[in-house]
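Just so we're clear, the structure is a prediction, and the values are computed from it rather than from any experiment.
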Amino acid sequence: RSYMLTNIEKIRLVLNILFVLGFVAIVVMYFAISDERQPLKQHLIVGTCLGTIFFKIVESALRMHQNVMERNNRRKSNE
C-alpha cells in the first residue's frame with residue numbers, strides 16, 4: 001500500500017524536525033558555551049527555546065485542525 005503525505009502532514013513533519021533540531025541545539029549550547037559568557041548563554045538558550053516551543057505549538061494546532069477535518073469527512077461519508 002502506498003501512502004501519500006498530505007500538505008498538512010508534510011508541514012507537520014518539517015515542524016517536528018525543526019523542534020527536534022532546536023532541542024538538540026539547546027543542549028549543545030548549554031554545554032558548549034562557557035560559564036564566563038553567562039548572559040550570552042542565557043539569551044541564546046531562551047531565544048532558541050522560545051522558537052522551538054513556537055514550532056511545537058504550530059504543529060499541535062495543525063494536528064488538531066487535521067483531526068477535526070478527518071472527523072468531519074468521516075461524518076459526511078457515514079450520512
Side-chain angles (χ1 to χ4, degrees):
R1 170 186 161 183
S2 75
Y3 182 73
M4 297 281 297
L5 292 176
T6 63
N7 286 339
I8 291 179
E9 289 171 333
K10 290 176 186 176
I11 294 169
R12 285 185 53 218
L13 180 65
V14 169
L15 289 171
N16 277 322
I17 290 170
L18 289 173
F19 175 76
V20 171
L21 291 175
F23 176 75
V24 170
I26 291 168
V27 172
V28 168
M29 282 189 281
Y30 181 79
F31 290 108
I33 300 174
S34 66
D35 287 336
E36 299 163 354
R37 304 179 76 184
Q38 191 66 23
L40 173 67
K41 182 178 183 177
Q42 287 175 345
H43 286 101
L44 283 175
I45 290 175
V46 169
T48 307
C49 188
L50 289 173
T52 302
I53 291 170
F54 175 76
F55 290 139
K56 196 60 181 173
I57 289 171
V58 171
E59 188 274 331
S60 297
L62 285 173
R63 182 175 3 114
M64 286 184 246
H65 175 72
Q66 185 179 16
N67 288 339
V68 168
M69 296 300 289
E70 288 174 358
R71 197 173 313 128
N72 288 340
N73 288 339
R74 272 183 271 150
R75 243 186 238 147
K76 287 179 184 177
S77 67
N78 288 338
E79 292 176 353

Could you grab the distance from atom [atom1] of [X] to atom [atom2] of [Y], nearest 0.5 Å is fine?
X: Leu44; Y: Cys49; atom1: CG; atom2: SG; answer: 12.5 Å
X: Leu62; Y: Asn7; atom1: CG; atom2: CG; answer: 11.0 Å
X: Glu70; Y: Arg75; atom1: CD; atom2: CZ; answer: 13.0 Å
X: Ile45; Y: Leu40; atom1: CD1; atom2: CG; answer: 9.5 Å

Task: Contacts of type side chain to side chain donor-acceptor pair (under 3.5 Å), residue Arg63, not counting sequence neighbours - done: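 Testing Arg63 for side chain to side chain donor-acceptor pair (under 3.5 Å), a comparison that skips the adjacent residues, returns Glu59, Ser60.
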Task: Set of side chain to side chain donor-acceptor pair (under 3.5 Å) partners for Asp35, sequence neighbours left out - done: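 Side chain to side chain donor-acceptor pair (under 3.5 Å) list for Asp35, sorted by chain: Lys41.
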Pairing residues for [X] by the side-chain contact (heavy atoms from CB on, under 4.5 Å) criterion, not counting sequence neighbours:
X: Gln42; answer: Gln38
X: Val28; answer: Val24, Ala32
X: Phe54; answer: Val58
X: Glu36; answer: Ser34

Would you tabulate the side-chain donor-acceptor contacts of residues 13-23 under 3.5 Å, counting partners in other chains and residues two or more places apart, or write 'none'?
residue	atom	partner	partner atom	Å
Asn16	OD1	Lys56	NZ	2.9
Asn16	ND2	Arg12	O	3.3

TODO: For residues Gln66 and Thr6, determine if any side-chain heavy atom of one lies less than 4.5 Å from a side-chain heavy atom of the other.
DONE: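 Yes, side chains in contact.
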- [ ] Please check if Ile8 and Phe55 belong to a single hydrophobic cluster, counting links between Ile, Leu, Val, Met, Phe, Trp and Tyr side chain heavy atoms closer than 4.5 Å.
- [x]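 Same cluster: Ile8 reaches Phe55 through Ile, Leu, Val, Met, Phe, Trp or Tyr contacts under 4.5 Å.
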Open item on the list: Considering only residues two or more places apart or on different chains, which pairs with a residue in residues 17-30 satisfy side chain to side chain donor-acceptor pair (under 3.5 Å)?
Closed with: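 Found none.
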Open item on the list: Can you list, by chain and residue number, the hydrophobic cluster partners of Val68 when the side-chain cut-off is 4.5 Å?
Closed with: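 Joined to Val68, directly or through intermediates: none.
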TODO: Could you work out the complete set of other residues in the hydrophobic cluster of Ile57, with links drawn between I, L, V, M, F, W and Y side chains under 4.5 Å apart?
DONE: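 Reading the cluster by chain and number, Ile57 sits alongside Ile53.
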Task: His65 (side chain) donor-acceptor with Ala61 (main chain) under 3.5 angstrom - done: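 No: the side chain of His65 does not pair with the backbone of Ala61.
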